[in-house]
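Let me begin by presenting the structure, written as structure tokens, before commenting on it.
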Amino acid sequence: MHAFDVLGDPVRRRILELLADGEQSSGAIATVIQAEFGISQPGVSQHLRVLRESGFATVRAEGTRRLYAVDSAPLREIDQWLERFRRFWSQHLDALATELARGKRERRT
């Protein structure tokens, strides 16, 4: 499955957001996803499986618990792909930073 196909799903993006904060148990992930998206625990498990099989997440067993974490390798590949498009927004972000700095200076005076 292509990286953008994996990330195209809002549930999987949300799971990755949760994992970006640190390792999470499958139960903790399921609790949040069930509350936010109204999907069943088996449905959450399917999304976790897709993330694991596509390389976006790793899992390790700790007793009866399964702990998931982000695997950054596919994210680096996406970052490399995006590199050719950065010129479209980098100048705008630089201009925004300049305007923010100008506004801070004007407020101080």
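Scope of the values below: all heavy atoms of this structure, side chains included, with no hydrogens, waters or symmetry mates.
Shown here for Val11 and Asp9, the closest heavy-atom pair between the two residues is N-OD1, 2.8 Å. When every heavy atom of Val59 is checked against every heavy atom of Arg66, the shortest pair comes out as CG2-CB, 3.8 Å.
Once rounded to the nearest 0.5 Å, the distance linking CG of Leu19 with CD of Glu17 reads 10.0 Å. Between Leu51 atom CG and Thr58 atom OG1 the span is 11.0 Å, to the nearest 0.5 Å. Once rounded to the nearest 0.5 Å, the distance linking CG of Asp71 with OG of Ser54 reads 9.5 Å. To the nearest 0.5 Å, atoms CD1 (Ile33) and CD1 (Ile39) are separated by 6.5 Å. Here Leu48 contributes atom CG and Tyr68 contributes atom OH; the two are 4.5 Å apart, rounded to the nearest 0.5 Å.
Taking the side-chain contact (heavy atoms from CB on, under 4.5 Å) definition, one finds that Glu62 meets it with Arg60, Arg65, Leu67, sequence neighbours left out.
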What's the verdict on side-chain contact (heavy atoms from CB on, under 4.5 Å) for Phe56 and Leu7, showing C-alpha distance, side-chain angles and the deciding distance? CA-CA 9 Å; Phe56 280 90; Leu7 296 178; 4.0 Å; yes
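Applying the side-chain hydrogen bond (donor to acceptor under 3.5 Å, both in side chains) test to every pair with at least one member in residues 41-51, sequence neighbours left out, gives these pairs: Arg12-His47, Gln41-Ser45, Gln46-Arg49, Arg49-Glu53. Contacts classified as side-chain hydrogen bond (donor to acceptor under 3.5 Å, both in side chains) and involving residues 29-38 (residues at least two apart or in different chains) are given here: Arg14-Glu36. Counting only residues at least two apart or on different chains, the salt bridge (charged side-chain N to carboxylate O under 4.0 Å, His left out) pairs with a member in residues 100-109 are Glu99-Arg102. Each salt bridge (charged side-chain N to carboxylate O under 4.0 Å, His left out) pair with one or both residues in residues 24-33, not counting sequence neighbours, would appear here, but there are none.
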Would you give me the side-chain donor-acceptor pairs under 3.5 Å for residues 74-82, sequence neighbours excluded?
from	atom 1	to	atom 2	distance (Å)
Arg76	NH1	Ser72	OG	2.6
Asp79	OD1	Arg86	NH2	2.1

